[in-house]
Amino acid sequence: MTGKEDDTTRRTPAQHAVAEHLRLTAAGLVDEWVKLFAPDGVIEFPYAPAGVPRQVKGHDALLAHMSNFPETFDVEFIDLVFHETVDPNLAIAEFRSTGTALPTGKPYEQECISVVRTDENGLITHYLDYWNPLLAIEALTPDDVPSDPDDLSVTFGS
């Protein structure tokens with residue numbers, strides 16, 4: 001992989017926000033997580049499946065969206081790599097998640113790319129999150145439920 005390996009001593013504000021996003025998400029600390037965002041901050045999921053909004057804006061909506069994540073996934077984020085940018089308020093990160101979908105006990109493995117913008121205070125204004133929803137759907141679907149290609153959905157918020 002190209003880019004700068006995770007180095008906590010040289011992180012830009014946007015890189016710090018991404019690292020904190022991953023730490024707080026993995027810890028299930030949703031109330032603290034939402035404070036990483038500007039009041040009108042946005043998280044966007046370009047590949048969101050049915051049942052997951054493509055865009056969530058503002059603290060209340062973000063909190064509602066992530067409210068059940070700690071009961072849905074037990075994950076650790078690993079292999080964090082930041083790619084160099086000329087703007088300290090822009091971070092491009094690659095990382096993996098590894099863990100378990102708690103309702104099914106099935107493994108949940110994901111590779112992600114995130115493009116994150118922060119404001120002058122280091123708060124996230126826009127978090128563009130590229131992940132594979134099919135992996136989440138598979139992990140959350142019990143083995144005894146037949147696959148239905150017309151009903152590919154997943155929820156972990158309200």
Side-chain angles (χ1 to χ4, degrees), residues 1 3-39 41-49 51-83 85 89-119 121-142 153-158:
M1 251 185 251
K4 181 171 65 176
E5 294 297 321
D6 180 26
D7 181 350
T8 59
T9 62
R10 296 185 294 164
R11 286 192 181 140
T12 67
Q15 290 172 345
H16 176 76
V18 171
E20 282 297 286
H21 159 78
L22 298 177
R23 182 184 72 80
L24 293 171
T25 301
L29 300 172
V30 178
D31 290 330
E32 290 83 354
W33 170 84
V34 79
K35 294 174 188 172
L36 296 173
F37 287 81
V42 173
I43 191 164
E44 188 173 350
F45 308 103
Y47 303 127
V52 175
R54 289 192 182 270
Q55 188 177 84
V56 180
K57 182 176 182 178
H59 282 181
D60 290 343
L62 289 163
L63 190 58
H65 176 73
M66 288 294 286
S67 64
N68 291 325
F69 188 89
E71 291 83 33
T72 306
F73 293 107
D74 179 16
V75 295
E76 175 185 7
F77 296 101
I78 58 173
D79 300 336
L80 175 61
V81 175
F82 289 109
H83 293 272
T85 68
N89 293 319
L90 171 66
I92 300 171
E94 291 184 61
F95 54 92
R96 293 187 313 118
S97 69
T98 182
T100 305
L102 296 173
T104 63
K106 293 169 85 172
Y108 179 62
E109 308 289 327
Q110 186 73 256
E111 293 183 25
C112 304
I113 296 175
S114 294
V115 180
V116 179
R117 294 192 175 277
T118 57
D119 63 15
N121 298 314
L123 296 175
I124 298 169
T125 58
H126 191 253
Y127 195 113
L128 186 58
D129 199 12
Y130 292 98
W131 55 281
N132 184 347
L134 297 177
L135 297 175
I137 291 166
E138 173 61 28
L140 291 169
T141 302
S153 65
V154 61
T155 59
F156 51 80
S158 62

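Predicted model, so just to flag it, every value in this text is computed and none were measured. Basis for what follows: all heavy atoms, side chains included, without hydrogens, waters or symmetry-related copies.
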Query - Option from D129, L135, L134 for which side-chain contact (heavy atoms from CB on, under 4.5 Å) with W131 holds - result: D129

Report task. Apply side chain to side chain contact (heavy atoms under 4.5 Å, CB included) to V42 and V56, showing your working. Result -> CA-CA 6 Å; V42 173; V56 180; over 6 Å; no

Query raised in the report: Looking at OG of S67 and CG of D31, how far apart are the two atoms once the value is rounded to the nearest 0.5 Å?
Result: 10.0 Å

Query raised in the report: Measuring from I92:CD1 to I113:CD1, what's the distance to the nearest 0.5 Å?
Result: 9.5 Å

**Report entry** Which atom of A139 lies closest to which atom of P107, heavy atoms considered
**Finding:** CB-O, 3.5 Å

Requested in this report: Answer yes or no: is there a donor N or O on one side and an acceptor on the other, between the side chain of S97 and the main chain of F77, under 3.5 Å?
Outcome: no

**Report entry** F37 side, atom CZ; I43 side, atom CD1 - distance, nearest 0.5 Å
**Finding:** 4.5 Å

Report task. Please assess E44 against R54 for the test salt bridge (charged side-chain N to carboxylate O under 4.0 Å, His left out), listing each intermediate value before the final yes or no. Result -> CA-CA 6 Å; E44 188 173 350; R54 289 192 182 270; over 6 Å; no

Query raised in the report: Does a sphere of radius 6.0 Å around CD in Q55 hold more than 12 heavy atoms from other residues, nucleotides or ligands, not counting ones at 6.0 Å or beyond?
Result: yes

Report task. Please test D74 against Y108 for side chain to side chain contact (heavy atoms under 4.5 Å, CB included), starting from the C-alpha separation and ending with a verdict. Result -> CA-CA 9 Å; D74 179 16; Y108 179 62; over 6 Å; no

**Report entry** Note, F45 side chain near P53 side chain (heavy atom, < 4.5 Å)
**Finding:** no

Report summary line: Taken in chain and number order and not counting sequence neighbours, the residues that satisfy side-chain hydrogen bond (donor to acceptor under 3.5 Å, both in side chains) with T104 are none

Requested in this report: Enter the distance from N68:CG to L102:CG here, rounded to the nearest 0.5 Å.
Outcome: 11.5 Å

Query raised in the report: Do any N or O atoms from the side chain of K106 and from the backbone of E138 form a donor-acceptor pair under 3.5 angstrom?
Result: yes

Query raised in the report: Does L123 offer a backbone N or O that forms a donor-acceptor pair with the side chain of N121 under 3.5 Å?
Result: no

Requested in this report: Kindly indicate whether the side chain of L128, heavy atoms from C-beta on, has any atom under 4.5 Å from the side chain of H126.
Outcome: yes

Query raised in the report: Does CG in D60 sit with more than 12 non-hydrogen atoms of other residues, nucleotides or ligands closer than 6.0 Å?
Result: no

Query raised in the report: Minimum heavy-atom separation for R10 to Q15, with atom names?
Result: O-OE1, 3.9 Å

Taking distance alone, no hydrogens or angles, what donor-acceptor pairs closer than 3.5 Å link side-chain atoms of residues 18-26 to residues at least two apart or in another chain?
{"residue": "E20", "atom": "OE1", "partner": "R23", "partner atom": "NE", "Å": "3.3"}
{"residue": "E20", "atom": "OE1", "partner": "R23", "partner atom": "NH2", "Å": "2.8"}
{"residue": "E20", "atom": "OE2", "partner": "R23", "partner atom": "NE", "Å": "3.0"}
{"residue": "H21", "atom": "ND1", "partner": "W33", "partner atom": "NE1", "Å": "2.7"}
{"residue": "H21", "atom": "NE2", "partner": "Y127", "partner atom": "OH", "Å": "3.2"}
{"residue": "T25", "atom": "OG1", "partner": "H21", "partner atom": "O", "Å": "2.7"}

Requested in this report: Compare all side-chain heavy atoms of P133 with those of V52 and state whether any distance is below 4.5 angstrom.
Outcome: no

Requested in this report: Measure from the side-chain N and O atoms of T85 to the backbone N and O of L90, and report whether any donor-acceptor pair falls under 3.5 Å.
Outcome: yes

**Report entry** Short side-chain to backbone donor-acceptor contact, D119 and G122, under 3.5 Å
**Finding:** yes

Query raised in the report: Between P49 and I137, is any pair of side-chain heavy atoms under 4.5 Å apart?
Result: yes

**Report entry** Pair E76, T98: side-chain N/O donor-acceptor within cut-off below 3.5 Å
**Finding:** no

Report summary line: The reported gap from CZ in F95 to CD in E111 (rounded to nearest 0.5 angstrom) is 11.0 Å

Report summary line: Hits for side-chain contact (heavy atoms from CB on, under 4.5 Å) against P13, two or more places apart or cross-chain, chain-then-number order -> P88, N89, T118

Query raised in the report: Is the backbone of A91 close enough, under 3.5 Å, to the side chain of H83 for a donor and an acceptor to pair up by distance?
Result: no

Requested in this report: Could you tell me which non-hydrogen atom of M66 sits nearest to which non-hydrogen atom of V30, and how far apart they are?
Outcome: O-CG2, 3.5 Å

